[in-house]
Amino acid sequence: MTDIDFDAHERSRWAGRAEAYGRSFGGLCAYPTPALLDAARVRVGQRVLDVGTGPGTVAAAALGRGAAVVAVDAEASMLVQARASAAGAGLVGAALPRLPFPDARFDAAVANFVLNHVGDPAAALAELRRVVRPGGRVAVTLWPSPHPPLQRLWGEAIGAAGVTPPADLPRLAPGRDFPRTEAGVTGLLDAAGLTDAVCATVAWTHRTDPEDWWAGPAAGISAVGFVLQRQEPAVRDRIRREYDRLTAGLREADGRLALPTAALLGAASVA
């Protein structure tokens, strides 16, 4: 697929799915929020842009630090939730790499697990740099590769069920992809014209109800959701049986899953 198709595909994966996201992946993606805001040096009185705000988790936390927040998302159902959770933030419907703001408008910009979902990550970072003043900060999170156990679970369940992912599963153009490692992220930040780039790995164990964790892909969210929706009901049932088998050993005494995972947290300054 072309980069335009990649972005259009990503928009389709999230359309109308804010509630399903909140039930499944929302808690997972919320975890690095404090570290993300620390990396962006968000504090009282700062003008902060939260791009790809989703249900407004990061925006709400930035408001809690006394910042003046503008939150952006391309998906209307996400903005509805953000309006409730991050009351006081300015909400704008828009998407990277084109944001409707003047140069140097903000003191900091954050993007929590957004670079995984854009067709041109370097252009996205360049746009974040554009809207942040000199001396301001840009901070991002994204999923690493090789994948930690939580992210490997879906591929393992699909493979164990004998399913081959569709050949048209969208991927970045080779010239626009980058290593999903600490060095790869700092290199991308440098290439976008940012300075003093750093990246660290944040690791944690995500605890969730097995039904909630299944609910996101079952609703069509993420690449595994795309694969699931392509299957006949009998095949989806087979994948679910493999999911149950693989997660049986990850259940705690209360029945919840304990899934080890990690994220990359990169940050840099605007010259």
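Excluded from the calculations below are hydrogen atoms, water molecules and symmetry mates; all remaining heavy atoms, backbone and side chain alike, are included.
Every salt bridge (Lys or Arg N to Asp or Glu O under 4.0 Å) that R207 has, sequence neighbours left out, goes to E252. In this structure, the side chain to side chain donor-acceptor pair (under 3.5 Å) partners of N112, at least two apart in sequence or on a different chain, are T141. Residues forming a side chain to side chain donor-acceptor pair (under 3.5 Å) with D190 (at least two apart in sequence, or on another chain): none. For the side chain to side chain donor-acceptor pair (under 3.5 Å) test, no residue two or more places apart in sequence or in another chain qualifies with T181. A60 meets the side-chain contact (heavy atoms from CB on, under 4.5 Å) test with A86; sequence neighbours excluded. With sequence neighbours left out, W14 forms a ring-ring contact (aromatic ring centres under 6.0 Å, His included) with Y21, H117. With sequence neighbours left out, R180 forms a salt bridge (Lys or Arg N to Asp or Glu O under 4.0 Å) with D177.
At least one donor-acceptor pair under 3.5 Å links the side chain of R13 to the backbone N or O of G220. Under the 3.5 Å distance criterion, the side-chain polar atoms of R11 are left unmatched by any main-chain donor or acceptor of A74. Checked by atom type and distance alone, the side chain of Q231 pairs as donor or acceptor with a backbone atom of V227 at under 3.5 Å. Proximity of a side-chain donor or acceptor of T261 to a complementary backbone N or O of T205 within less than 3.5 Å is not detected. A distance-only check finds a donor-acceptor pair linking the side chain of T195 to the backbone of S269 [under 3.5 Å]. The closest donor-acceptor contact from the side chain of T53 to the backbone of D50 lies at 3.5 Å or more, if one exists at all. At distances below 3.5 Å, at least one donor-acceptor pair connects side-chain atoms of E127 with backbone N or O atoms of L99.
Here the shortest heavy-atom pairing between A109 and L128 reads CB-CD2, 4.2 Å. Summarising the geometry of P144 relative to A263, their closest heavy-atom pair is CD-CA, 4.0 Å, with the distance given to 0.1 Å.
Of the charged side-chain nitrogens involved, at least one lies within less than 4.0 Å of a carboxylate oxygen, so that R240 and D244 count as a salt-bridged pair. Taking a cutoff of 4.0 Å between a charged side-chain nitrogen and a carboxylate oxygen, R236 and E242 do not qualify as a salt bridge.
Listed by first and then second residue, the salt bridge (Lys or Arg N to Asp or Glu O under 4.0 Å) pairs involving residues 222-233 are D168-R230 (not counting sequence neighbours). Sorted by first and then second residue, the salt bridge (Lys or Arg N to Asp or Glu O under 4.0 Å) pairs with a member in residues 16-27 read R23-D212; sequence neighbours excluded. Applying the salt bridge (Lys or Arg N to Asp or Glu O under 4.0 Å) definition to pairs two or more places apart or across chains, those involving residues 86-111 are R47-D107, D103-R130, D107-R133.
Within the hydrophobic cluster formed by Ile, Leu, Val, Met, Phe, Trp and Tyr side chains joined at under 4.5 Å, directly or through other members, V80 stands alone, with no partner residue.
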* Give the intermediate values and the outcome of side-chain contact (heavy atoms from CB on, under 4.5 Å) for residues V72 and F101. => CA-CA 11 Å; V72 169; F101 307 113; 3.8 Å; yes
- Go through R65 and D38 one step at a time and tell me if the salt bridge (charged side-chain N to carboxylate O under 4.0 Å, His left out) criterion holds. CA-CA 10 Å; R65 295 188 178 201; D38 287 346; 2.9 Å; yes
Return a table of donor-acceptor pairs under 3.5 angstrom between the side chains of residues 152-159 and protein atoms on other chains or two or more places apart.
unit_1: R152; atom_1: NH1; unit_2: H147; atom_2: O; d: 2.7

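Remark: R43 CZ is loosely packed, at most 12 non-hydrogen atoms of other residues, nucleotides or ligands lying under 6.0 Å away.
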